[in-house]
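All values below were derived from every heavy atom in this structure, side-chain atoms included, with hydrogens, water molecules and symmetry-related copies excluded.
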Amino acid sequence: MNSQLQQAIDLAQSLSLTEQLELLKTLSGIIQRTHSLETQAATTEEDTDFSIASFRQSWQQAMTGKTLPLSQL
């Protein structure tokens, strides 16, 4: 645990119960937003990677004539 985290914990322990509950509510919101953003970023990155890989494969197939006529799709 780093010193900043320990200082934050010490400060939180010095607060009244009402203040601790308000801090908990605020921290919960921060954590939920951060988690949501990280999850969204990871999903977007995975989608982008898949799209790039899919495009490259499709492009290679088109350039080498390894395609099917629409009637066969």
Side-chain angles (χ1 to χ4, degrees):
M1 180 179 324
N2 68 34
S3 63
Q4 285 182 318
L5 181 55
Q6 186 59 54
Q7 288 174 343
I9 292 169
D10 293 341
L11 178 61
Q13 289 174 335
S14 72
L15 299 174
S16 69
L17 178 59
T18 302
E19 291 168 328
Q20 287 178 350
L21 290 172
E22 185 63 31
L23 176 60
L24 181 59
K25 189 167 91 174
T26 302
L27 288 173
S28 178
I30 292 169
I31 292 167
Q32 288 174 2
R33 283 189 298 279
T34 302
H35 183 283
S36 177
L37 290 173
E38 287 181 2
T39 301
Q40 184 180 19
T43 301
T44 301
E45 186 176 302
E46 289 171 7
D47 291 346
T48 302
D49 289 346
F50 174 78
S51 297
I52 290 169
S54 178
F55 175 80
R56 286 185 178 147
Q57 180 181 2
S58 298
W59 183 257
Q60 182 65 27
Q61 289 171 340
M63 296 307 292
T64 58
K66 296 178 182 174
T67 59
L68 296 173
L70 285 176
S71 61
Q72 290 184 3
L73 295 178

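Listed by chain and number, the residues in a side-chain contact (heavy atoms from CB on, under 4.5 Å) with Lys25 are Glu22 (sequence neighbours excluded). Here Thr34 pairs with Ile30, Glu38 under the side-chain contact (heavy atoms from CB on, under 4.5 Å) rule; sequence neighbours left out.
Taking CD1 of Ile31 as the start and CG of Leu27 as the end, the distance is 6.0 Å to the nearest 0.5 Å.
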Could you go through residues 9-18 and list every donor-acceptor pair under 3.5 Å that involves a side-chain atom there, pairing it with any protein atom two or more places apart or in another chain?
unit_1: Asp10; atom_1: OD1; unit_2: Gln6; atom_2: NE2; d: 2.9
unit_1: Ser14; atom_1: OG; unit_2: Leu11; atom_2: O; d: 2.6
unit_1: Ser16; atom_1: OG; unit_2: Glu19; atom_2: N; d: 3.2
unit_1: Ser16; atom_1: OG; unit_2: Glu19; atom_2: OE1; d: 3.3

Could you tabulate the donor-acceptor pairs under 3.5 Å formed by side-chain atoms of residues 57-65, not counting sequence neighbours?
unit_1: Ser58; atom_1: OG; unit_2: Ser54; atom_2: O; d: 3.0
unit_1: Thr64; atom_1: OG1; unit_2: Gln60; atom_2: O; d: 2.9
unit_1: Thr64; atom_1: OG1; unit_2: Gln61; atom_2: O; d: 3.3

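Other residues sharing a hydrophobic cluster with Leu37 under the 4.5 Å side-chain heavy-atom criterion for ILVMFWY residues do not exist; the residue is a singleton.
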